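I have placed the structure first, in the form of structure tokens, so that the comments after it can refer back to it.
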There are 2 protein chains.
Amino acid sequence: MDVSRQQAASADDAAQAPAVEKGPRARTRRLMLETATRLMQSGLTPSVSEVAEAAEVSRATAYRYFPSQAALVQAVVDEGLGPILTWKSTSNDAERRVADLFATAMPRIEAFEATFKAALKLSLDQWARREAGTLGSEPAFTRGHRVDLLKDAIAPLKGRLKPRQFRRLAQALSLVFGVEVVTVLKDIWGLDSAEMMSVAQWAAGALVRAAVAESEARSVGMSAASKAMSA
Amino acid sequence: MDVSRQQAASADDAAQAPAVEKGPRARTRRLMLETATRLMQSGLTPSVSEVAEAAEVSRATAYRYFPSQAALVQAVVDEGLGPILTWKSTSNDAERRVADLFATAMPRIEAFEATFKAALKLSLDQWARREAGTLGSEPAFTRGHRVDLLKDAIAPLKGRLKPRQFRRLAQALSLVFGVEVVTVLKDIWGLDSAEMMSVAQWAAGALVRAAVAESEARSVGMSAASKAMSA
DNA sequence: AAATTTCTGAGACGCGAGTATCATATTGAT
DNA sequence: ATCAATATGATACTCGCGTCTCAGAAATTT
């Protein structure tokens, strides 16, 4: 038989398969992911070429596994997100559950600060491309995990709050939860990690209590939250 | 829109232009800024080259006025920020003042959505560069306007709140005010402008009321983590 | 009007990201 | 050990951003 090149056949299985794979393919991918994670946790935002050099593989090979910096960041984000996504609180109190979630997630986000900031940057890039119409069927960044996490955290209020209020609370909480909080409180205000945590926790608690107070003011009548209805 | 402008009326330089300049220098700069603003308000995030083409000047000339996309975005941000920075509320009620500020600023931010998102992206770029040590001693993005605006908005509480509480409220409010709100509520949650506005306003109001309530409850001595309605 | 300063346009150039191609090395089944 | 499938590496290429140089056009001065 005639021997011709056929590397193109196995081009697109390198997306995101944490499934049990063996062989050099999985090994190299793992090596690159670990290298990229290590670099990003040290604060860097390496390009594919830089990861290739650090992992001591050729540029060509690196690009075979991660066709762009976006793919690389996405993979590291998934890595860093792991412990957060499996989070479960033991409490039944919404405010405490939210506090738990923040205490779990925010330090993790800070540890992967460069990664999450890169992800935010890439999502903005994607938005700009979509707006300009020059979106070439790209991976489509996720960036919606906080929605489910927060909905789950305040799930105990699902009975006490009207669906409309429940959703609004989740939406408001999503404003004080995530990398954006880091960019605002640390980069603009110059706070340190502990101060940032404190502010975010206070804001989250205040929002939860406000939602509860409002809902109780509606059913019970007079209460300390009477001012809340004037909005 | 209208490209024919007098060169004499050229007092409004934005970023790094030496004060009062006349002649073709100011005219070309103004032409480019108007072109860039128009393009960005239509949702695009043009490169310097693209603005050059749209403004019908050569690439070389364009780069003389705006040495990078960052400089361009910064200039357009200043343009878009104008009406916001001069904002003054007539009310003495902190909550109302905050609501006023939001009602003024957020629509403006939305109108310049592409610009502010580009600015956010560039500030993330800058952070990454600083982190990597490869900062070319160039841009220095501002991005701190919301601090003064919010402090001013809640100024009526300066007497009622302790400095620590006052600062914390301003910091918390800065989380629900700015482009980040747009990226989270519109891009992730899929809300429209009105819904976004409603959520941001509710969150801001809740935070202000929580700060006030806490300060009033302080005479009891206990941290306000307990339910607000337990009187 | 002539001379001088300033502005502009048209290239060439370097650089980094991403793509494509081909030759070689490694693996795994027989 | 052999042979085909597959993984890897070296290299060259495109492309867009930003820099640089230089000659010509415009404006300002005298």
Side-chain angles (χ1 to χ4, degrees), chain A residues 1-14 17 21-32 35-36 44-74 118 121-122 125-126 128-129 132 134-139, chain B residues 3 6-8 10 17-18 21-32 35-36 44-74 118 121-122 125-126 128-129 132 134-139:
Chain A
M1 296 298 183
D2 185 77
V3 183
S4 37
R5 51 247 162 262
Q6 42 192 347
Q7 305 134 342
S10 63
D12 65 331
D13 62 331
E21 237 176 292
K22 63 172 187 175
R25 213 160 162 90
R27 189 198 152 275
T28 303
R29 185 170 204 278
R30 230 185 111 64
L31 170 62
M32 282 196 63
T35 304
L44 299 167
T45 313
S47 65
V48 179
S49 299
E50 287 165 335
V51 174
E53 186 177 4
E56 292 182 308
V57 298
S58 74
R59 253 168 42 89
T61 299
Y63 272 103
R64 276 186 197 103
Y65 290 89
F66 301 96
S68 66
Q69 199 198 35
L72 198 52
V73 169
Q74 178 77 70
K121 190 160 91 73
L122 290 169
D125 259 335
Q126 189 175 296
R129 275 198 247 283
T134 56
L135 214 169
S137 72
E138 296 183 24
Chain B
V3 292
Q6 283 284 6
Q7 25 180 310
S10 63
E21 224 174 315
K22 65 174 186 177
R25 190 140 189 103
R27 188 201 155 272
T28 304
R29 185 170 205 280
R30 214 182 136 64
L31 169 63
M32 282 196 63
T35 305
L44 300 167
T45 311
S47 66
V48 178
S49 298
E50 287 166 334
V51 174
E53 187 178 4
E56 292 182 307
V57 299
S58 75
R59 250 167 43 89
T61 299
Y63 272 105
R64 277 185 198 105
Y65 290 90
F66 301 96
S68 67
Q69 199 198 35
L72 198 53
V73 169
Q74 178 77 69
K121 192 160 88 70
L122 290 169
D125 258 335
Q126 188 176 296
R129 274 198 249 283
T134 59
L135 210 164
S137 74
E138 290 283 341

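Source: prediction; values computed, not measured. Note that these values count all heavy atoms, side chains included, but never hydrogens, waters or copies made by symmetry. Proteins get letters first, then strands, A, B, ... in listed order; numbering begins at 1 in each.
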Would you mind reading off the distance between [X] atom [atom1] and [N] atom [atom2], rounded to a whole angstrom?
| X | N | atom1 | atom2 | value |
| --- | --- | --- | --- | --- |
| A:D125 | D:dC17 | CG | C1' | 14 Å |
| A:Y65 | D:dT6 | OH | P | 13 Å |
| B:R27 | D:dT28 | CZ | P | 13 Å |
| B:E53 | D:dG18 | CD | P | 16 Å |
| B:F66 | C:dT8 | CZ | P | 12 Å |
| B:E50 | D:dG16 | CD | C1' | 10 Å |
| A:Y63 | D:dC13 | OH | C1' | 14 Å |

* **Any residue meeting salt bridge (charged side-chain N to carboxylate O under 4.0 Å, His left out) with B:R129, in chain and number order, not counting sequence neighbours** => none
* To do: Kindly say whether A:V57 contributes a backbone atom to a donor-acceptor pair with the side chain of A:T61 at under 3.5 angstrom?
  => no
* Are the side chains of B:F66 and B:R29 in touch, meaning some heavy atoms are under 4.5 Å apart? -> yes
* Could you please name the option among D:dG18, D:dT19, D:dT8 that lies closest to any side-chain atom of A:T61? => D:dT8
* Residues in side-chain contact (heavy atoms from CB on, under 4.5 Å) with A:A118, at least two apart? -> A:T45, A:V73
* Would one find a side-chain N or O of B:T28 under 4.0 angstrom from OP1 or OP2 of C:dT8? -> yes
Kindly give the atom pairs (protein nitrogen or oxygen, nucleotide nitrogen or oxygen) under 3.5 Å for nucleotides 10-16 of chain C.
none

* **Contacts of A:S68 that satisfy side-chain hydrogen bond (donor to acceptor under 3.5 Å, both in side chains) - sequence neighbours left out** => none
* Asked: Does CD in A:Q126 sit with more than 12 non-hydrogen atoms of other residues, nucleotides or ligands closer than 6.0 Å?
  -> yes
